[in-house]
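This one's a predicted model, so the numbers in the text were calculated from it and none came from an experiment. Just follow the structure's listing: the first ligand is 1, and inside any ligand the first atom is 1. When a residue number appears, it is its place in the shown sequence, counting from 1.
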Amino acid sequence: MSTLARAMSKFRLAVIQLHVTNVKRDNLSKAKSLIKEAAGQGSKLVVLPECFNSPYGTGFFREYAEKIPGESTKMLSEAAKENEVYLIGGSIPEEDGGKLYNTCPVFGSDGTLLMTHRKIHLFDIDVPGKIRFQESETLSPGSAFSVFETPFCKVGVGICYDIRFAELAQLYSKMGCGLLVYPGAFNMTTGPAHWELLQRARALDNQLYVATASPARDETSSYVAWGHSTVVNPWGEVISTTGSEEAVVYADIDLQYMAEVRRQIPVTVQKRDDLYAVNPVTER
Ligand SMILES: O=C(O)CCC(=O)C(=O)O
């Protein structure tokens, strides 16, 4: 392996666990300064949380929604360019054609909008006495897979509830991703029960890196986020995490290590695709 290839097989990832308030301007300026801080620590890819510019809740989405491009994506594009980082812009409520989406905009290190991921699986759950949440009351689902290239590896993006669907992660893995990123905001019921477990499961099943970015916990908000933004390696180990406060979580991603794990336990090539296969829907 050449020196350049070896250098490109390692990079630093930063996950920003932002304290999100109901003042959009403050959310944007705090995010901007933490992106700069993360870049100053050598990060090449920076991730913001789900709904980083708005409180999370069906009652807020229309009020905070923006078109793309708009105020929030303009800030993200400039921050990506100024700091020369790939930027996964968490998610924002997006308005398009009268519909609202939970959308993650992704920027290249020159500030170009590379893609947007509209949350595919809407968060509609009802756990009696604990939590009822129905995103579909106000949001529409996206219907596209979202993978982008970096000089290091392909990256697949999902938003929060999307992590519960193992097939999506498998498809991204088949598409060649070495890292899956899920901006997310689990809560005080499903957070302790499932947040880390799901990340480790997706990482282990597919032998790749998984990163999540949550808002920091705010006990006074109507939806209390679990926090605990985390990075898991292809062996299924948590390599970096945090508690519930605002923080930047750093992890060094090593794609040679990923290749080593895949050689040691070669489940990705042992799959019985002759008996079963997960394939993308190409026609509807
Ligand atoms: O799946 C869960 O338990 C939480 C999902 C969620 O909060 C979301 O999709 O925004």
Which donor-acceptor pairs under 3.5 Å do side chains of residues 51-62 form with protein atoms, sequence neighbours excluded?
| residue | atom | partner | partner atom | Å |
| --- | --- | --- | --- | --- |
| Asn53 | ND2 | Ser72 | OG | 2.9 |
| Tyr56 | OH | Glu135 | OE2 | 2.8 |

> Above 12 or not: heavy atoms from other molecules or residues under 6.0 Å from CD of Glu84?
Replying inline: no

> Given side chains that start at C-beta, do those of Leu48 and Leu34 come closer than 4.5 Å, heavy atoms only?
Replying inline: no

One line per pair, note the atom names and distance for all nitrogen or oxygen contacts under 3.5 Å between ligand 1 and the protein.
| residue | atom | partner | partner atom | Å |
| --- | --- | --- | --- | --- |
| ligand 1 | 1 (O) | Arg164 | NE | 2.7 |
| ligand 1 | 1 (O) | Arg164 | NH2 | 3.4 |
| ligand 1 | 3 (O) | Arg164 | NH2 | 2.8 |
| ligand 1 | 3 (O) | Thr190 | OG1 | 2.7 |
| ligand 1 | 7 (O) | Ala185 | O | 2.7 |
| ligand 1 | 7 (O) | Tyr223 | OH | 2.9 |
| ligand 1 | 9 (O) | Lys119 | NZ | 2.6 |
| ligand 1 | 9 (O) | Tyr161 | N | 3.0 |
| ligand 1 | 10 (O) | Glu50 | OE1 | 3.0 |
| ligand 1 | 10 (O) | Glu50 | OE2 | 3.2 |
| ligand 1 | 10 (O) | Tyr56 | OH | 2.8 |
| ligand 1 | 10 (O) | Lys119 | NZ | 3.1 |

>> Using the salt bridge (charged side-chain N to carboxylate O under 4.0 Å, His left out) criterion, which residues pair with Lys74? Sequence neighbours excluded.
In response: Glu78

> Who passes salt bridge (charged side-chain N to carboxylate O under 4.0 Å, His left out) against Arg200, sequence neighbours left out?
Replying inline: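 So Arg200 forms a salt bridge (charged side-chain N to carboxylate O under 4.0 Å, His left out) with Glu196.
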
> Tyr209 side chain to Asp254 main-chain N or O, any donor-acceptor pair under 3.5 Å?
Replying inline: yes

